[in-house]
Undergrad: 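The structure follows.
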Amino acid sequence: TQISGTTPSDYKLFQNYPNPFNPLTKIKYELKTPGFIKLNVYNINGKEVKTIVNEKQNTGVYEADFSATEYGSSLSSGVYFYRLFAGEKLVDTKKMIVLK
């Protein structure tokens, strides 16, 4: 969800909040230019767990929700990583913790 249409000076991925979380957390990011965006979550072994965003987005500030209980397949407690791609460019990867 876009929360601001201001033009950030760069691409930025913020630490999720709250962290650790159970069952819901928010991930905020900034996009310097419009383009195709992917925001993925991976387990500790590098296996993709969920694609949160997979679409073209405009310049601005965004926030995405991630639920550890989505689709009835609850994630186990542990460390997970989320990664933001803007076009072909990897913006950043951050660590988050599911705590039950």
Side-chain angles (χ1 to χ4, degrees):
T1 304
Q2 187 169 9
I3 58 175
S4 172
T6 59
T7 303
S9 60
D10 205 354
Y11 294 97
K12 185 167 185 180
L13 179 62
F14 294 89
Q15 186 63 51
N16 65 304
Y17 181 81
N19 189 34
F21 71 97
N22 181 26
L24 186 67
T25 191
K26 293 186 177 293
I27 301 170
K28 183 177 167 185
Y29 56 96
E30 296 179 349
L31 303 176
K32 178 178 158 181
T33 59
F36 193 81
I37 304 304
K38 283 189 81 168
L39 179 61
N40 298 325
V41 176
Y42 301 89
N43 66 18
I44 195 77
N45 297 321
K47 181 181 178 200
E48 186 177 313
V49 171
K50 170 87 171 125
T51 298
I52 302 172
V53 178
N54 189 23
E55 65 186 17
K56 187 173 195 269
Q57 293 184 331
N58 292 320
T59 300
V61 181
Y62 290 82
E63 192 171 72
D65 292 335
F66 176 69
S67 174
T69 59
E70 200 170 272
Y71 307 113
S73 60
S74 182
L75 294 179
S76 59
S77 293
V79 175
Y80 294 84
F81 298 92
Y82 57 101
R83 180 174 283 171
L84 179 66
F85 295 92
E88 298 297 315
K89 178 182 177 187
L90 170 62
V91 174
D92 203 356
T93 302
K94 302 274 187 203
K95 178 171 68 170
M96 64 182 170
I97 300 171
V98 175
L99 187 61
K100 295 186 177 188

Undergrad: CD/Gln2 to CG/Asn58 distance, rounded to the nearest 0.5 angstrom?
TA: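 That separation rounds to 6.5 Å.
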
Undergrad: Any chance you could measure Lys38, atom NZ, to Asn54, atom CG, to the nearest 0.5 Å?
TA: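 It comes to 5.0 Å.
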
Undergrad: If you look at every heavy atom in Ile52 and Ala64, which pair is closest and at what distance?
TA: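 Heavy-atom minimum between the residues: CG2-CB, 3.7 Å.
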
Undergrad: Nearest heavy-atom pair of Gly60 and Pro8: which atoms, and what distance?
TA: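 Scanning both residues, the minimum pair turns out to be O-CG, 3.8 Å.
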
Undergrad: Are Lys95 and Phe81 in a cation-pi setup, meaning NZ or CZ lies under 6.0 angstrom from the ring centre and within 45 degrees of the ring axis?
TA: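 Not satisfied by the 6.0 Å and 45° rule.
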
Undergrad: Once you round to the nearest 0.5 Å, how far does NZ of Lys28 lie from CD of Glu63?
TA: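 Lys28 atom NZ to Glu63 atom CD measures 7.0 Å (nearest 0.5 Å).
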
Undergrad: Say you draw a straight line from CG of Leu13 to NZ of Lys94; how long is it, rounded to the nearest 0.5 Å?
TA: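 Output value for this atom pair is 6.0 Å.
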
Undergrad: Counting C-beta onward and ignoring hydrogens, is there a side-chain heavy-atom pair between Gln57 and Glu55 closer than 4.5 Å?
TA: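 Yes, close enough: below the 4.5 Å cut-off.
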
Undergrad: Would you check if Tyr17 and Met96 make a side-chain contact, meaning some heavy-atom pair closer than 4.5 Å?
TA: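 The answer is no, as the side chains (C-beta and beyond) never meet within the 4.5 Å cut-off.
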
Undergrad: Please evaluate residues Arg83 and Leu90 with respect to the criterion side-chain contact (heavy atoms from CB on, under 4.5 Å), reporting the C-alpha separation (whole Å), side-chain torsions for both, the decisive distance (0.1 Å), and the verdict.
TA: CA-CA 8 Å; Arg83 180 174 283 171; Leu90 170 62; 3.2 Å; yes

Undergrad: Would you sort out whether Ile44 and Tyr80 count as a side-chain contact (heavy atoms from CB on, under 4.5 Å), showing the intermediate values?
TA: CA-CA 6 Å; Ile44 195 77; Tyr80 294 84; over 6 Å; no

Undergrad: Which pairs, with at least one residue in residues 19-46 and sequence neighbours excluded, count as a ring pair (Phe, Tyr, Trp, His ring centres under 6.0 Å)?
TA: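 Residue pairs passing ring pair (Phe, Tyr, Trp, His ring centres under 6.0 Å), neighbours aside: Tyr29-Tyr62.
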
Undergrad: Is Asn43 close to Val49 at the side-chain level, that is, under 4.5 Å between some pair of heavy atoms?
TA: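 Val49 reaches Asn43 side chain to side chain.
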
Undergrad: Any donor-acceptor pair under 3.5 Å linking the side chain of Lys100 with the backbone of Leu75?
TA: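 Flag set: sc Lys100 to bb Leu75 pair under 3.5 Å.
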
Undergrad: Identify the heavy atoms of Pro18 and Thr25 that sit nearest to each other, and give their distance.
TA: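 Between these two residues, the closest heavy atoms are O-OG1, 2.9 Å.
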
Undergrad: Taking the side chain as everything from C-beta on, heavy atoms only, tell me whether Phe66 gets closer than 4.5 Å to Asn16.
TA: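 A side-chain contact under 4.5 Å is absent here.
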
Undergrad: To the nearest 0.5 Å, tell me how far Lys50 NZ sits from Asn40 CG.
TA: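 Atom-to-atom, Lys50:NZ and Asn40:CG are 10.0 Å apart.
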
Undergrad: For side-chain contact (heavy atoms from CB on, under 4.5 Å), just list the numbers for Ile37 and Val53, CA-CA rounded to whole Å, side-chain angles, deciding distance to a tenth of an Å, and then say yes or no.
TA: CA-CA 7 Å; Ile37 304 304; Val53 178; 4.2 Å; yes

Undergrad: Which pair of heavy atoms, one from Thr59 and one from Leu31, lies closest together, and at what distance?
TA: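 Shortest heavy-atom separation between Thr59 and Leu31 comes out as CG2-O, 3.3 Å.
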
Undergrad: What distance separates Asp65 CG from Ile27 CD1, expressed to the nearest 0.5 Å?
TA: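 Asp65 atom CG to Ile27 atom CD1 measures 9.0 Å (nearest 0.5 Å).
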
